[in-house]
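Please read all numbers here as calculations on a predicted model, not as lab measurements. In what follows, chains are A, B, ... by sequence order, proteins preceding strands, each numbered from 1. Below, each value reflects all heavy atoms present in this structure, side chains not excepted, and no hydrogens, waters or symmetry copies.
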Protein chains: 2
Amino acid sequence: MKRITIYDVAKEADVSLATVSRVINGSDVVREDTRVKVQEAIEKLGYKPNAIAQGLALQKTTTIALIVPEASYFYTGQIINGLIDVAKIYKYNIMLHTTTEGITEMNDIIENVIKSRVDGVVIFNDKLNKEELNQLTTYQIPIVVIGNRMSDETVGSVYVDYAKLACDYANECIRNGKTDIALIEDRKNPAMIKQLRDGLSRAFKENGMEFSGYIEIPKEYRSSYLFLKEYVKTNPRKDVVITYRDSQAMAVLNVAKEEGVDIPNDMELVCILDSKYNSMARPQISGFKIPDYDLGAVAMRLLTKMLTDENDVVDKEIELSYIFTPRQSTK
Amino acid sequence: MKRITIYDVAKEADVSLATVSRVINGSDVVREDTRVKVQEAIEKLGYKPNAIAQGLALQKTTTIALIVPEASYFYTGQIINGLIDVAKIYKYNIMLHTTTEGITEMNDIIENVIKSRVDGVVIFNDKLNKEELNQLTTYQIPIVVIGNRMSDETVGSVYVDYAKLACDYANECIRNGKTDIALIEDRKNPAMIKQLRDGLSRAFKENGMEFSGYIEIPKEYRSSYLFLKEYVKTNPRKDVVITYRDSQAMAVLNVAKEEGVDIPNDMELVCILDSKYNSMARPQISGFKIPDYDLGAVAMRLLTKMLTDENDVVDKEIELSYIFTPRQSTK
DNA sequence: TTGAAAGCGCTAACAC
DNA sequence: GTGTTAGCGCTTTCAA
């Protein structure tokens, strides 16, 4: 089957290609009968406009690039879902790029993104390099960052204030006499952990104390579970343990159960990134409902705004809130 | 910043645009000194070739469309990872499309895919309509389907034979006297469940029996957990319960624990789609290691083959195998 | 080895 | 209302 172009349709309908173009773009200056005539020709030939040619002519691709970490948690999936749902509304297509742990191919991706002439970029990545973003801004590509708050003028950002979250929660704990709080490292999400840690430090400082409950997982341990299993034997019990991901929380739960530590009576457990698995664990794990879907959706909405409103969008920094969901692992 | 085109580079380097084109495409007919001259001009101007224009001129976009269900399990994520890793090798970009439960916008997606002139399509979707695929084949777009075996001549497919998996496993159970096998419905993945059911039926037939252990979850129950909680009270205990996803297996585990059913002694539990959560549950849930990552990787490899080898690719149907991973929920 | 020019398929002034 | 035509940025013969 030969590729059908706008010329073929024009010939078939016996009009000029400009008229066909007008029809497919819904221009209202076309007379009804010619519109119908063209429409029929399109139907008959099975013509589909070539988005690439349109992109070239219009200097816009109605495509945005989405850059996410390869590690696919449920969380990331939800962000993508939210983003795509909004993208669909505005007819944007998504080019998906993933960054692989360790390998600094971010530059390759950026290069790729520039070449592909997408209209905008959404980046969700724990480790984000300002320099790399600069590349994009040099090429005038609108950017929205998810997760990291950016103070830059040109990039938008949608995020959750984990520091505040941690600070507030710690304050609450301290108020209730629970001062022995532990935060477990998450190698995959250092930036998030840093925010949490900062928040905890702040809370302790506000209460005239110093936060010292950060638990690093030595490189030689392949999983938090394995490490904690050892750790718990030689270290005093905490009042509250905070983990970032559900799997770490489950590791804590398992270790506790195996070592005879009663949760929540001997020790409380909170997981920052709530997930359905938290409620399937026994005892059910308390967590913070982080608006993952919304992070994606709002980011995309912000980007479309930046893409359409020539005059700068007023609020490029959007903070989303969270909700604490108490379950059985906390009192 | 004005958009830098190949003309700007040509002027800067004082050569024709044809030469610049040759340089960026690594043609070896260019004399070294002019190559360097052009290279410098490119560097100086920060020129990046416009992939859209290239796509138009070359009639190929080096982009493939990936269609996956919106519901983001870990599994889907892994498939995407595998696919992207291979796509990177061959320099392909990914256009991500998701299908939403219920809403039959598959046609919209297909339409979109055709317009975007991607070089090929990979589809992973439980509910797959042959008609919709036909659209794509009409437009000569190479397709690879993940998960469903397709007998079609033009589409490739990469899949796991769940029927065989179920049949073999059931045979093994029956051989050991465990004939009371239950398979729990999964509304999100009817096609997979059908395959499993077929496999079980076959095994029972082979043993002169009939499979009657399919457990449907009535619409009014919001989760398998809630339903099973009721179900278990009025129904006899099974020998073996099979679920498709980890969350269903965990539901079974929780119900069993709460109702005083000892797993694996009173009843065994197997989850088809293994995941890390299975090994975090207690008792750890036995499962089949389905090669999710490979499904994606192999699918992409197959597609690139179909894209490059003009003469038909010999083997367009690729079956991947699985490994049973016994843990604590089976004896 | 390099350049000139004809497309690739479409849009958008500008004419008529 | 509709047609003509000049791009959009690049590749690729065909000449030189």
Subject >> dT11(C) OP1/OP2 closer than 4.0 Å to side-chain N/O of Gln54(A) >> reply: yes
Original post:
Should Tyr47(A) be listed as having a side-chain N or O under 4.0 Å from OP1 or OP2 of dC10(C)?
Top reply: yes
**OP:** Take the protein atom CZ of Arg3(A) and the nucleotide atom P of dG9(C), then report the distance between them rounded to whole Å.
**Re:** 8 Å
**OP:** To the nearest Å, give me how far apart NZ (Lys115(B)) and C1' (dG9(C)) are.
**Re:** 15 Å
**OP:** Find out whether Met106(B) and Leu128(B) are in side-chain contact, i.e. whether some heavy atom of one side chain is under 4.5 Å from a heavy atom of the other.
**Re:** yes
Subject >> Between dC8(C) (P) and Ile6(A) (CD1): distance, integer Å >> reply: 14 Å
**OP:** Give Val29(A) one of three labels, base, sugar-phosphate or nothing, depending on what nucleic acid heavy atoms sit under 4.0 Å from its own.
**Re:** base
**OP:** Measure the distance from NZ on Lys37(B) to P on dT1(C) and round it to the nearest whole Å.
**Re:** 14 Å
**OP:** Figure out the CG/C1' separation between Asp8(A) and dG9(C), and round it to whole Å.
**Re:** 10 Å
Original post:
Between Thr5(A) and dG9(C), is there a side-chain N or O to OP1/OP2 distance below 4.0 Å?
Top reply: no
**OP:** Look at atom NZ of Lys48(B) and say whether more than 12 heavy atoms of other residues, nucleotides or ligands are closer to it than 6.0 Å.
**Re:** yes
Original post:
Between which nucleotides of DNA chain D, read 5' to 3', does contact with chain A run, using atoms under 4.0 Å from its heavy atoms?
Top reply: dG1(D) to dG9(D)
Can you give me the N/O atom pairs linking the protein to nucleotides 12-16 of chain C at distances under 3.5 Å, or say none if there are none?
none

**OP:** Could you check how far NZ of Lys11(A) sits from P of dG9(C), rounded to whole Å?
**Re:** 13 Å
Original post:
Tell me, do Lys88(A) and Asp108(B) make a side-chain contact under 4.5 Å, heavy atoms counted?
Top reply: no
Subject >> For atom CG of Leu56(B) and atom P of dC8(C), their distance in whole Å >> reply: 9 Å
Original post:
Are any of the side-chain heavy atoms of Ile123(A) and Leu133(A) separated by less than 4.5 Å?
Top reply: yes
Original post:
Under 4.0 angstrom, heavy atoms only, what part of the nucleic acid is Val15(A) near: base, sugar-phosphate, or nothing?
Top reply: sugar-phosphate
Original post:
Any ion pair linking Glu40(B) and Lys37(B) (charged N to carboxylate O, less than 4.0 Å)?
Top reply: no
Original post:
According to a strict under-4.0 Å criterion, is Ser16(B) in side-chain N/O contact with OP1 or OP2 of dT2(C)?
Top reply: no
Original post:
When you match Lys48(A) and Thr34(B) each to their closest nucleotide on DNA chain C, which lands nearer the 5' end?
Top reply: Thr34(B)
Original post:
Would a distance-only check, ignoring hydrogens and angles, find a side-chain to backbone donor-acceptor pair under 3.5 Å from Gln135(A) to Asn107(A)?
Top reply: no
Subject >> Atom NZ of Lys60(A) with >12 non-hydrogen neighbours under 6.0 angstrom >> reply: yes
Original post:
Within this structure, what is the CD1-to-C1' distance between Ile52(B) and dT11(C), rounded to whole angstrom?
Top reply: 15 Å
Original post:
Is the number of heavy atoms from other residues, nucleotides or ligands under 6.0 Å of Lys188(A) NZ greater than 12?
Top reply: no
Subject >> Candidate pair Tyr92(A) and Met300(A), rule side chain to side chain contact (heavy atoms under 4.5 Å, CB included), full reasoning >> reply: CA-CA 10 Å; Tyr92(A) 276 98; Met300(A) 187 64 214; 3.9 Å; yes
Original post:
Quick one: does Asn148(A)'s side chain get under 4.5 Å of Ser157(A)'s, heavy atoms only?
Top reply: no
